[in-house]
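Following: one structure in structure tokens, then a few remarks.
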Amino acid sequence: MTRFAACFILVFGELAWGGIFALAIPPFFNVERGFYKSSAAVYLAASITTAIGLGLLALRGGASAGPGAASLWTAAALWTLSSVAVAAYLYTLWTENGLLRSRAYALGLGLGLVALIANVTLLMPPGFGAIAAVAYALTAITSALVLGLVTGAMLFGHWYLIDLDMPVDYLRTYIRILGIVLVADLIALGLAIGLPAILGSAGAAAAVNDLFASHLGLLAVRLILGPVATIVLVWMCWQTLKIPQTMAATGLLYIAVMSVLVGEMLGRFILFRTAIPL
């Protein structure tokens with residue numbers, strides 16, 4: 001059960017790091033600071049949840065067929081350090097200390113990236129090799145960016161109710177970058193299958209064969225309900241913002257958040273069943 005739980009805890013870590021990254025998109029001094037306070041609090045909660053979840057799994061001693069206690073403690077410690085940095089950034093939002101704010105943000109983002117990579121690679125079975133490790137890290141990063149950007153865009157859309165004069169271009173920037181990252185995520189998912197199959201170890205190639213032999217339907221659902229559906233929704237958001245109608249676009253982003261979450265949950269289930277990081 002340790003591996004099963006660790007696979008799904010990863011989603012919280014992806015949200016934490018991807019969300020903090022997404023905070024850098026709108027111009028800080030032109031946006032109501034309450035947006036950064038509320039959003040950063042959400043992502044900090046996700047980071048703390050990841051640290052606590054991995055720590056509780058480590059207390060159980062890990063598992064012989066899954067992540068060991070040492071690797072779980074390491075990932076939990078990294079998420080804790082990232083959470084401390086993000087908490088410091090959140091604190092500075094009530095102050096005018098711009099130097100501390102920028103340093104705390106950069107530190108939280110950097111530590112979060114290290115924690116995310118450590119988190120996902122502890123789920124890789126022994127003997128998969130360096131090529132598989134690259135695929136694990138790549139899909140974790142693109143998945144985190146998609147999850148962070150879609151939630152960030154959805155949260156940002158609500159601030160048009162507060163600041164009626166805020167330029168629509170800010171939300172358009174979110175949507176544009178989200179569309180690019182979704183395409184990158186599809187490419188990363190393809191590489192996560194192709195690289196281990198072609199260049200990976202025997203164990204990694206066997207895992208890919210198992211994916212297509214026993215879980216092809218699950219793979220199709222993961223792609224269709226995840227990135228493919230989200231790309232369609234993002235295109236609809238882009239068209240809606242041409243009117244422009246920010247509230248309708250925000251409503252579509254609510255649906256996009258759900259499609260991304262469904263895709264990520266299915267991807268973590270595939271990871272648990274096959275060890276392929278989708």
Side-chain angles (χ1 to χ4, degrees), residues 1-23 36-94 103-125 136-137 139-152 154-155 257-258 260-272 275 277:
M1 292 299 293
T2 299
R3 179 178 172 79
F4 180 82
C7 286
F8 287 95
I9 288 173
L10 177 61
V11 176
F12 289 94
E14 290 175 345
L15 174 62
W17 183 77
I20 293 299
F21 175 89
L23 288 178
Y36 295 94
K37 293 176 181 177
S38 58
S39 299
V42 171
Y43 303 134
L44 174 60
S47 181
I48 293 173
T49 299
T50 308
I52 292 174
L54 292 173
L56 290 174
L57 291 177
L59 282 173
R60 297 172 55 182
S64 57
S71 57
L72 288 167
W73 279 123
T74 301
L78 288 169
W79 279 118
T80 300
L81 292 174
S82 176
S83 297
V84 171
V86 174
Y89 165 75
L90 182 59
Y91 162 75
T92 64
L93 294 174
W94 275 271
R103 289 182 176 179
Y105 177 85
L107 184 60
L109 195 64
L111 288 172
L113 179 59
V114 174
L116 179 67
I117 294 174
N119 195 164
V120 71
T121 51
L122 68 82
L123 297 169
M124 186 177 70
Y136 268 71
T139 55
I141 291 171
T142 57
S143 292
L145 290 175
V146 169
L147 192 52
L149 285 165
V150 73
T151 56
M154 183 270 291
L155 292 172
V257 169
M258 296 305 300
V260 169
L261 281 174
V262 168
E264 288 305 308
M265 291 298 180
L266 289 171
R268 301 298 80 74
F269 185 62
I270 292 174
L271 175 61
F272 168 69

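Here the structure is a predicted model, which means the values were calculated and not measured.
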> Passes side-chain contact (heavy atoms from CB on, under 4.5 Å), L147 versus L261? Steps please.
Replying inline: CA-CA 8 Å; L147 192 52; L261 281 174; 3.9 Å; yes

> Looking at L271 and R3, what are the two nearest heavy atoms and their distance?
Replying inline: O-NH2, 3.0 Å

> Can you tell me how far the CZ atom of R268 sits from the CZ atom of F4, to the nearest 0.5 Å?
Replying inline: 12.5 Å

> For G13 and W79, which heavy atoms make the closest approach, and how far apart are they?
Replying inline: O-CH2, 3.3 Å

> Is there side-chain contact between L123 and C7, with heavy atoms separated by less than 4.5 Å?
Replying inline: yes

> Does any non-hydrogen side-chain atom of Y43 lie less than 4.5 Å from one of L155?
Replying inline: yes

> Tell me, do L113 and I141 make a side-chain contact under 4.5 Å, heavy atoms counted?
Replying inline: yes

> Would a 4.5 Å heavy-atom cut-off, applied to side chains only, mark V11 and L15 as touching?
Replying inline: no

> Should L81 and V84 count as side-chain neighbours, where that means a heavy-atom distance under 4.5 Å?
Replying inline: no

>> Are more than 12 heavy atoms, taken from residues, nucleotides or ligands other than F12, located less than 6.0 Å from that residue's CZ atom?
In response: no

>> Restricting to non-hydrogen atoms, name the atom on L44 and the atom on S83 that form the minimum distance, rounded to 0.1 Å.
In response: CD1-O, 3.3 Å

> R60 side chain to T2 main-chain N or O, any donor-acceptor pair under 3.5 Å?
Replying inline: no

> Does V260 reach the side chain of E14, with side-chain heavy atoms less than 4.5 Å apart?
Replying inline: no

> Does the side chain of L57 reach to within under 4.5 Å of the side chain of P67, using non-hydrogen atoms?
Replying inline: no

> Between T49 and I9, is any pair of side-chain heavy atoms under 4.5 Å apart?
Replying inline: no

> At their closest point, which heavy atom of W94 faces which heavy atom of K37, and how far apart are they?
Replying inline: NE1-NZ, 3.3 Å

> Does a sphere of radius 6.0 Å around OH in Y36 hold more than 12 heavy atoms from other residues, nucleotides or ligands, not counting ones at 6.0 Å or beyond?
Replying inline: yes

> Does the T80 side chain pair with the main chain of A51, one donor and one acceptor, at a distance under 3.5 Å?
Replying inline: no

> Which heavy atom of A75 sits nearest a heavy atom of L122, and at what distance?
Replying inline: CB-CD2, 3.6 Å

>> Test your reading of the model: is there a side-chain donor-acceptor pair from Y105 to the backbone of I20, 3.5 Å cut-off?
In response: yes

> Within the side chain of S82, is there an N or O that forms a donor-acceptor pair under 3.5 Å with the backbone of L78?
Replying inline: no

>> On a heavy-atom basis, which atom in G108 and which in V86 lie closest, and how many Å separate them?
In response: CA-CG2, 4.2 Å

> Between CG of L10 and CG of L54, what distance do you get to the nearest 0.5 Å?
Replying inline: 9.0 Å

> Does A140 offer a backbone N or O that forms a donor-acceptor pair with the side chain of S143 under 3.5 Å?
Replying inline: no

> Are the side chain of W17 and the backbone N or O of L116 linked by a donor-acceptor pair below 3.5 Å?
Replying inline: no

